[in-house]
Amino acid sequence: MSFENFVDERSLISHDAFGNKEIKIKLLEVEDDTPDHVWRFGVRVKVKKILLTIKHIQTQQVEEGEFDLNAIEKEMKEKRHYSSTNRWIQTTDVKNGYILNTRHSPLLSDAVALDYIVI
């Protein structure tokens with residue numbers, strides 16, 4: 001493996017507030033209808049589907065779930081009249097198909113608010 005392709009696993013994993021769970025997000029699908037061009041903040045894509053993996057540190061139990069962020073955002077707007085999700089991420093925030101831990105909270109905010117995810 002070359003150094004350019006190396007990705008530190010720690011940059012892909014985020015933790016809950018108590019450090020009991022590890023969270024990792026794999027990018028499954030991006031919106032096709034939005035053109036990918038250079039924005040003020042760089043080249044970005046709009047995330048549509050993700051695979052969320054939660055590992056419980058104490059029991060080593062692993063939970064996985066696929067989430068359609070587009071559908072969750074629509075449901076959030078219908079039920080709460082507001083959505084805080086920013087599904088746009090820079091292409092540099094995707095490493096080996098996984099989203100960097102710095103983008104986890106904004107992507108999961110609506111799913112957490114609707115209790116799809118309890119962290």
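Keep in mind it's a predicted model, so treat the numbers as computed, not measured.
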> Does any part of the side chain of V94, heavy atoms only, come nearer than 4.5 Å to the side chain of V45, both counted from C-beta?
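No, side chains not in contact.
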
> Enter the distance from L114:CG to E75:CD here, rounded to the nearest 0.5 Å.
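Between atom CG of L114 and atom CD of E75 there are 5.0 Å.
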
> Distance check, rounded to the nearest 0.5 Å: L100 atom CG versus R10 atom CZ?
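Separation between the atoms: 13.5 Å.
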
> Roughly how far apart are I25 CD1 and N101 CG, rounded to 0.5 Å?
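It is 9.5 Å, given to the nearest 0.5 Å.
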
> CG/L12 to OG1/T102 distance, rounded to the nearest 0.5 angstrom?
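Output value for this atom pair is 10.0 Å.
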
> Heavy-atom distance under 4.5 Å between the side chains of N20 and I57, does that happen here?
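Side-chain contact under 4.5 Å: no.
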
> With a 4.5 Å cut-off on side-chain heavy-atom distances among I, L, V, M, F, W and Y, is there a chain of contacts connecting L51 to L27?
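L51 and L27: separate clusters.
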
> Do the side chains of I50 and L28 get nearer than 4.5 Å, heavy atoms only?
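No - every pair of side-chain heavy atoms lies 4.5 Å or more apart.
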
> CD of Q58: more than 12 outside heavy atoms within 6.0 angstrom?
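At most 12 heavy atoms, drawn from other residues, nucleotides or ligands, come within 6.0 Å of this atom.
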
> When you measure from the side chain of H104 to the backbone of I13, do you find a donor-acceptor pair of N or O atoms at a distance under 3.5 Å?
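No, the answer is negative, given that no donor and acceptor are paired below the 3.5 Å cut-off.
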
> Looking at every heavy atom in both I72 and F67, which two are closest together, and how far apart are they?
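For I72 and F67, the tightest heavy-atom pair comes out as CD1-CD2, 3.7 Å.
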
> May I ask you to decide if K46's main-chain N or O and R87's side chain share a donor-acceptor pair within less than 3.5 Å?
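Not confirmed, R87 side chain does not pair with K46 backbone.
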
> Taking a hydrophobic cluster as the set of Ile, Leu, Val, Met, Phe, Trp and Tyr residues connected by side-chain heavy atoms closer than 4.5 Å, whether directly or through intermediates, do V112 and I89 fall within one such cluster?
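Linked, V112 and I89 end up in one cluster.
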
> Under the salt bridge (Lys or Arg N to Asp or Glu O under 4.0 Å) rule, what pairs show up with a residue in residues 49-70, not counting sequence neighbours?
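Passing the test, one end in residues 49-70: no pairs.
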
> T59: what forms a side chain to side chain contact (heavy atoms under 4.5 Å, CB included) with it, not counting sequence neighbours?
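Only H56, Q61 meet the side chain to side chain contact (heavy atoms under 4.5 Å, CB included) criterion with T59.
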
> Report yes if the side chains of D110 and R80 come closer than 4.5 Å at any heavy-atom pair, otherwise no.
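Counting from C-beta outward, D110 and R80 never come under 4.5 Å.
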
> What's the separation between atom CD1 in I117 and atom CD1 in I23, rounded to the nearest 0.5 Å?
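Spacing of CD1 (I117) from CD1 (I23) equals 8.0 Å.
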
> Strictly by salt bridge (Lys or Arg N to Asp or Glu O under 4.0 Å), give each pair with a member in residues 14-26 just once, sequence neighbours left out.
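Those involving residues 14-26 are E9-K24.
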
